[in-house]
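So the structure is just underneath, and the comments pick up after that.
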Amino acid sequence: MRSTRTFRTALLTAAVAGLAATALPAAPAAAAPAAPKFLSAGQWPASLTPWTAGPVHKGLPEDGSVCTAGTIPAKGTRHRDFRTELDTGARQTITVAPTAAKAKVLAAELRTALATCLERLKEQEPGLEGVSRYHGRVNVEEGAHVYSIDTSYPEAGSTDIGLHSVGRDGRTVTVLEWGQLGDLDGAPLKGFRKTTGTAVAKLH
């Protein structure tokens, strides 16, 4: 009898344990990481007319980016264009790489693309003149780097200035592009550096 009672007790204990286990709520699924945040229109350097922000699009822009085309992968990438009522425009591109190590490699490749952009443009467009400059590091997260490309067509009498930067936070890389008619003396370099720092800090 004792062995039977012990056996029944064991069965009852196991049954209660089973019911308790069944009653336990399932562990919540891990939440997907939040998508990196883009700049707002008001976070770009001040212009003579207000900035307007376009929608965020998945993938690469259809018209490409002069300096970074072929470097940024479409997968894991989104972009947003900005404009003013005058001849000033900007773009932010954000790429989430599979790992921080791959993001580091991408950021280095983008820096090389920006540093060599003017020379490649000169090869493609005879008669183009210009000056490319590196304006140093912005100390935010894993760092950001700022460049300017001042171009002109003497025969046409036109000049354009572009400010560019690339920054990284973990496995997320962002590229900023700003451009308008004119030259570097008329560009808001200090404000662009501040915008770059804001963009990287705002990603996550």
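Computed from a prediction, not measured in an experiment: that's the story for all the values here. Quick note: numbers below take in every heavy atom, side chains included, and nothing from hydrogens, waters or symmetry partners. Quick note: residue numbers are just sequence positions, from 1.
Counted within 6.0 Å of NZ on K75, heavy atoms from surrounding residues, nucleotides or ligands total 12 or fewer; the atom is thus considered open. Crowding of R83 atom CZ: a count of heavy atoms from other residues, nucleotides or ligands under 6.0 Å not exceeding 12. Counting heavy-atom neighbours within 6.0 Å of K202 NZ, excluding the residue itself, gives a total above 12.
With S65 as the partner, the side-chain hydrogen bond (donor to acceptor under 3.5 Å, both in side chains) test is satisfied by one option alone out of E177, H79, H164: E177.
T159 and S152 share no donor-acceptor pair across their side chains, judged by distance under 3.5 Å alone. Y147 and H135 are not linked by any side-chain donor-acceptor pair at a separation below 3.5 angstrom, with hydrogens and angles left out of the test. Side-chain contact check for E85 and T49: no donor-acceptor pair (N or O, by modelled atom type) lies under 3.5 Å. No side-chain donor-acceptor contact under 3.5 Å links E119 and T116.
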Take T93 and T174, measure what side-chain contact (heavy atoms from CB on, under 4.5 Å) needs, and give me the verdict at the end.
-> CA-CA 6 Å; T93 304; T174 188; 5.9 Å; no
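By the ring-ring contact (aromatic ring centres under 6.0 Å, His included) test, H204 pairs with no residue at all, sequence neighbours left out.
L163 and L39 fall within the same hydrophobic cluster, where Ile, Leu, Val, Met, Phe, Trp and Tyr residues are linked whenever their side-chain heavy atoms come under 4.5 Å apart, directly or through other members. Clustering ILVMFWY residues whenever any of their side-chain heavy atoms sit less than 4.5 angstrom apart, transitively, puts I94 in a cluster other than the one holding V105. In the hydrophobic clustering of ILVMFWY residues, with side-chain heavy atoms under 4.5 Å counting as a link, L106 and L203 come out apart.
Using cut-offs of 30° and 60° on the angle between ring planes, the pair W51 and F82 is perpendicular.
Taking OG1 of T198 as the start and CH2 of W44 as the end, the distance is 10.5 Å to the nearest 0.5 Å.
Put simply, the side chain of S165 never gets that close to the backbone of H145: no donor and acceptor are under 3.5 Å apart.
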